[in-house]
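Heads up, the thing below is written out as structure tokens.
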Amino acid sequence: MAVFWAAMLTAVVWASASQNAQEKKGARMTVAKGPFDVKMAPVDTAHKEEKAIARYSLDKTYHGDLEATGTGEMLASMGDVKGSGTYVAMEVVNGTLGGNKGTFALGHIGTMTRGAQNLSINVVPDSGTGELVGLTGKLNIVIAPDGKHSYEFEYRIEK
């Protein structure tokens, strides 16, 4: 039991120190918003006979606070019930975010259960280049009733 409490105390001290370090650096979260366009094209999987797994190439164009292109690949599997499935994707984004030029990677994981969406898109740690070195954050996708896509990207650049 003592080991458990020692681990908990260490975690609390580390989290507090990390938060204090971020506050001292002046690292605050910024929110970028705008529309984006996406083109998906089917790509053969390594297991062509397995129809429960689909693979796609992704090409995106971001507008607004993020002026960039994104390229990536996605694997998806759909359930037997309409509106159910899961996807994972990796994407490299190249452009300008809040006036800072560079590239970064995004890791996607999304699950839909009978139409209810659970989506997580995060900056891959330490993937920022150029003026985006030190980028961390989470991107949310918003799909309007008319099908148009937009993003809300909460991010921080720690120098």
Side-chain angles (χ1 to χ4, degrees), residues 4 7-8 11-12 14-15 18-19 22 27-98 100-130 132-158:
F4 170 79
M8 290 299 290
V12 169
W14 180 84
S18 176
Q19 182 177 357
Q22 288 177 357
R28 60 180 173 75
M29 297 302 275
T30 301
V31 177
K33 296 180 180 182
F36 72 93
D37 303 305
V38 60
K39 293 179 184 172
M40 295 173 44
V43 179
D44 284 339
T45 65
H47 306 283
K48 296 175 187 169
E49 304 80 32
E50 182 56 66
K51 300 302 178 199
I53 299 173
R55 180 177 166 208
Y56 299 90
S57 67
L58 302 173
D59 290 292
K60 293 182 180 178
T61 305
Y62 292 93
H63 307 284
D65 299 325
L66 173 61
E67 287 289 335
T69 58
T71 56
E73 293 205 8
M74 177 175 89
L75 290 174
S77 183
M78 302 305 292
D80 290 334
V81 175
K82 184 177 179 177
S84 293
T86 295
Y87 87 93
V88 294
M90 297 305 299
E91 175 183 1
V92 175
V93 179
N94 184 355
T96 304
L97 173 62
N100 298 293
K101 293 182 182 181
T103 64
F104 60 94
L106 292 171
H108 300 234
I109 184 165
T111 299
M112 185 174 281
T113 305
R114 296 184 174 120
Q117 187 180 59
N118 182 2
L119 183 60
S120 177
I121 305 171
N122 294 290
V123 173
V124 173
D126 299 316
S127 65
T129 68
L132 297 176
V133 168
L135 178 69
T136 61
K138 179 178 175 68
L139 187 137
N140 293 307
I141 293 176
V142 179
I143 303 174
D146 64 2
K148 293 188 179 185
H149 289 70
S150 63
Y151 65 88
E152 294 178 359
F153 186 19
E154 187 176 16
Y155 71 94
R156 172 182 8 243
I157 301 173
E158 297 180 20

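Everything numeric here is computed off the predicted structure, so don't read it as measured data.
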Handout entry: Validation row: K60, V93 side chains within 4.5 angstrom (heavy atoms)
Key = no
Exercise for the section: Using atom types as modelled and distance alone, determine if a side-chain donor or acceptor of T111 lies under 3.5 Å from a backbone N or O of T86. Expected result: no
Practice task
Would you mind reporting whether V31 and M29 have side-chain heavy atoms less than 4.5 Å apart?
Solution key: no
Exercise for the section: For I121 and I141, work out which heavy atoms get closest and say how close. Expected result: CD1-CD1, 3.5 Å
Practice task
Please state whether the rings of Y62 and Y151 are parallel, tilted or perpendicular, taking 30° and 60° as the class boundaries.
Solution key: perpendicular
Practice task
Calculate, to the nearest 0.5 Å, the distance between atoms NZ and OG1 belonging to K51 and T45 respectively.
Solution key: 7.5 Å
Completion exercise
To the nearest 0.5 Å, atom CG of N118 lies from atom CD1 of I109 at 8.5 Å
Exercise for the section: Quick one: pull up OG1 in T71 and NZ in K39 and give me the separation to the nearest 0.5 Å. Expected result: 14.0 Å
Exercise for the section: Looking only at non-hydrogen atoms, find the nearest pair between L139 and L106 and report the distance. Expected result: CD1-CD1, 4.3 Å
Handout entry: Within-4.5 Å side-chain heavy-atom neighbours: I53 and R55
Key = no
Handout entry: Sub-4.5 Å side-chain heavy-atom contact between E91 and H108
Key = yes
Exercise for the section: Look only at the side chain of S77 and the backbone of A52, and say whether a donor-acceptor pair between them is shorter than 3.5 Å. Expected result: yes
Handout entry: Rounded distance [0.5 Å steps], CG in L66 versus OG1 in T61
Key = 10.5 Å
Practice task
Could you tell me whether the side chain of L132 reaches within less than 4.5 Å of the side chain of T103, counting heavy atoms only?
Solution key: no
Exercise for the section: Answer yes or no: are there more than 12 heavy-atom neighbours, outside E73 itself, under 6.0 Å from its atom CD? Expected result: yes
Exercise for the section: Using a 4.5 Å cut-off on heavy atoms from C-beta on, say whether the side chain of F153 contacts that of V123. Expected result: yes
Handout entry: Nearest heavy atoms of Y155 and G98, plus distance in Å
Key = OH-CA, 3.8 Å
Practice task
Would you mind reporting whether L135 and L97 have side-chain heavy atoms less than 4.5 Å apart?
Solution key: yes
Problem - Heavy-atom pair of closest approach, residues A105 and S127 - result: N-OG, 3.0 Å
Practice task
Mind listing the closest non-hydrogen atom pair of G128 and F104 along with its distance?
Solution key: CA-CB, 4.1 Å
Completion exercise
In short, S57 meets V43 closest at the heavy-atom pair N-CG2, 3.6 Å
